[in-house]
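Residue numbers start from 1 in every chain, and the chains themselves are labelled A, B, ... in the order their sequence lines are given, proteins ahead of strands. Just so we're clear, the structure is a prediction, and the values are computed from it rather than from any experiment.
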2 protein chains.
Amino acid sequence: MDTRPAYDSTIDLLRSQSLSSLVQREIERLILSGEISAGEKLTELGVAERLGVSRGPVREAFRGLAESGLVRMEKNRGVFVRTVAVEEADEGFAVREALEEMIGRALAESITEGELGELRALLVRMEKAAGQGSVDAYSELNFRFHDRLVALTGNGRLAGMYQQLVKELTLFRRQTLARSETLAVSLAEHREIVEKIASRDPMAAGRAMAAHVRASRERMHESRAIDAGEVDEERETQREEGST
Amino acid sequence: MDTRPAYDSTIDLLRSQSLSSLVQREIERLILSGEISAGEKLTELGVAERLGVSRGPVREAFRGLAESGLVRMEKNRGVFVRTVAVEEADEGFAVREALEEMIGRALAESITEGELGELRALLVRMEKAAGQGSVDAYSELNFRFHDRLVALTGNGRLAGMYQQLVKELTLFRRQTLARSETLAVSLAEHREIVEKIASRDPMAAGRAMAAHVRASRERMHESRAIDAGEVDEERETQREEGST
DNA sequence: TATTGTATATTGTTTGACAATCTACAACGC
DNA sequence: GCGTTGTAGATTGTCAAACAATATACAATA
């Protein structure tokens, strides 16, 4: 009865992964990609039918998502995709600043020439995307850049917390640097980061990372201010979120 | 706000909390208090009968606990209380160092005289406990001290991540500074922290916090080394963990 | 001794059931 | 008209029973 393309090799996957985990990951994907928007209510039956499973695994997935902060469960009312207020986003940015500073310091001491080359290759691609004003491509590379940095530290716990934070901030707004004017600025900051890491100066690298996060947060606030001005009568939760 | 013994008015609680949440919190308590020890296998039926509920809520609780990192789920094998290797604990300490540094910096800029008094009162009690060589009392106060610090930052996200980390480190070893000889050293570090925060020097306060975490990690390693020497033929997972 | 087979326990998932609660809406009284 | 009350329907929270799939322990076999 259920021959949809996306769920073909389900059998193989179920040999190693529980169905609940797959459901959880799928819902997470739907949320982070924006196919399910913030604030939206999720019904057990609705998700269960959409994915072709029963209520049980869906309930379990909900609990996992709630624990990771992507949804909010209200007893007898349902689960809602979490909405992140700007104040919460600021808190997240503050923590991220501390983590990125730590990443910068660590990498300045441990990075290899090969890894530096990898980062510089990413920079080249970011430069190209920025030159073309391609916000989507740049954002994707930007994400990859930071993800790679934290991975290079070799600290799994750090990477886990970092990604948890990024998910939340993604939830807040999927286009932090939506304006193509800011791409060049952002790119320069990334160059500075790589440069400081390459100089093997932990404090300088940490400062560059922290400064970048602070600047990102500022850009986020500016974007918000601009949007608020344009829309004027702003109804934040209902506004259409542009696709990426 | 919630000063009831524990299981007084279960009915009231169920009005606002789902049974799964309560089960999850109870299992978490059992784990962190050591009543369930690291590495132990938890069966759905066993926990369900122990708490007088059915398998469903227990499964959900397990998923929540797995997401928060306290248990590990292996498909078709069961859930196990997570064991934290020393390498993982080190990763945790590294992240905690970054977070505590952030806390120190923030508090140096925002703390009030009243809050400082509160911290100094805690220091007095810690001094007393250290003087009596009461490791248990000191550890408890130590925990309260740091918990209070992060709360004073007003950054909820930071507090959340911090507590998540502390839970994991608790899981690793419930007695980090088990040796009464180190209490005085630890106390001095805490005094230094309060002093630097009081001096309103963010960088100095951050450094004091970071240094304290590094020293704590060192003490943890020393304790381990001593234990290993005593036990010699060390079988880490089976060794008796001292109460508290 | 190593391998294979088998019994048992546990997990993973489904289904059905039902009480509790929320939500929306209609009926009612003022 | 407007606030209150009542009711119906939907959804959640929990339980229970069932069964396939898998893991584990142990016996049988080569």
Side-chain angles (χ1 to χ4, degrees), chain A residues 1-4 6-28 36 39-67 70-83 237-238, chain B residues 7 9-28 36 39-67 70-83 237-238:
Chain A
M1 49 148 49
D2 215 10
T3 55
R4 279 159 298 173
Y7 300 78
D8 265 358
S9 54
T10 312
I11 309 98
D12 300 331
L13 282 178
L14 279 182
R15 228 163 278 282
S16 55
Q17 303 257 350
S18 79
L19 186 53
S20 308
S21 308
L22 295 179
V23 170
Q24 182 170 341
R25 217 172 318 159
E26 175 63 6
I27 300 176
E28 182 173 315
I36 297 177
E40 192 167 322
K41 177 180 178 182
L42 297 177
T43 67
E44 295 178 357
L45 208 58
V47 174
E49 285 175 351
R50 178 170 182 172
L51 301 182
V53 300
S54 66
R55 279 176 66 200
V58 174
R59 278 186 67 83
E60 288 178 44
F62 280 169
R63 193 146 295 267
L65 292 168
E67 193 69 34
L70 284 184
V71 305
R72 178 172 38 90
M73 298 180 84
E74 294 185 20
K75 184 175 158 86
N76 284 323
R77 295 201 55 234
V79 318
F80 303 83
V81 179
R82 181 170 163 213
T83 58
T237 52
Q238 293 196 348
Chain B
Y7 285 73
S9 47
T10 313
I11 310 99
D12 297 335
L13 281 179
L14 279 181
R15 226 165 281 281
S16 55
Q17 304 258 349
S18 78
L19 186 53
S20 309
S21 308
L22 294 180
V23 170
Q24 181 170 342
R25 217 175 314 163
E26 175 63 6
I27 300 175
E28 182 173 314
I36 298 177
E40 191 168 323
K41 178 181 178 182
L42 298 177
T43 66
E44 296 178 356
L45 208 57
V47 174
E49 285 176 351
R50 177 169 183 172
L51 300 183
V53 299
S54 66
R55 281 175 66 201
V58 174
R59 279 186 67 84
E60 288 179 43
F62 280 169
R63 195 148 292 271
L65 291 168
E67 193 70 33
L70 284 183
V71 305
R72 178 172 38 89
M73 299 179 85
E74 295 185 20
K75 184 175 158 87
N76 284 323
R77 296 201 55 234
V79 317
F80 303 83
V81 179
R82 182 171 163 212
T83 59
T237 51
Q238 293 195 347

Assess, by modelled atom type and distance only, whether the side chains of B:E67 and A:Q24 contain a donor and an acceptor separated by less than 3.5 Å. yes

May I have the distance from [X] (atom [atom1]) to [N] (atom [atom2]), rounded to whole angstrom?
X	N	atom1	atom2	answer
A:L19	C:dT11	CG	C1'	13 Å
B:M73	D:dT22	CE	P	17 Å
A:E60	C:dT11	CD	C1'	11 Å
A:Q24	C:dG12	CD	P	14 Å
B:L22	D:dG13	CG	C1'	12 Å

Identify all pairs in which a protein N or O lies below 3.5 Å from an N or O of nucleotides 10-12 of chain D, and state each distance.
{"unit_1": "D:dT12", "atom_1": "OP1", "unit_2": "A:E44", "atom_2": "N", "d": "3.4"}
{"unit_1": "D:dT12", "atom_1": "O3'", "unit_2": "A:N76", "atom_2": "N", "d": "3.3"}

By nearest atom, which of the nucleotides C:dT13, C:dT14, D:dA16 is closest to the A:S18 side chain? C:dT13

Nearest 0.5 Å, please: how far is CZ in B:F62 from CG in B:L42?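 Output value for this atom pair is 5.0 Å.
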
Measuring from B:I36:CD1 to B:K41:NZ, what's the distance to the nearest 0.5 Å? 14.0 Å

For A:R63 and A:S20: C-alpha separation, side-chain torsions, deciding distance, then whether side-chain hydrogen bond (donor to acceptor under 3.5 Å, both in side chains) applies. CA-CA 10 Å; A:R63 193 146 295 267; A:S20 308; over 6 Å; no

Give me the one residue out of A:V23, A:V81, A:V71 that meets side-chain contact (heavy atoms from CB on, under 4.5 Å) with A:L65. A:V71

Taking the side chain as C-beta and beyond, is there a heavy-atom pair between B:R72 and B:V79 under 4.5 Å? no

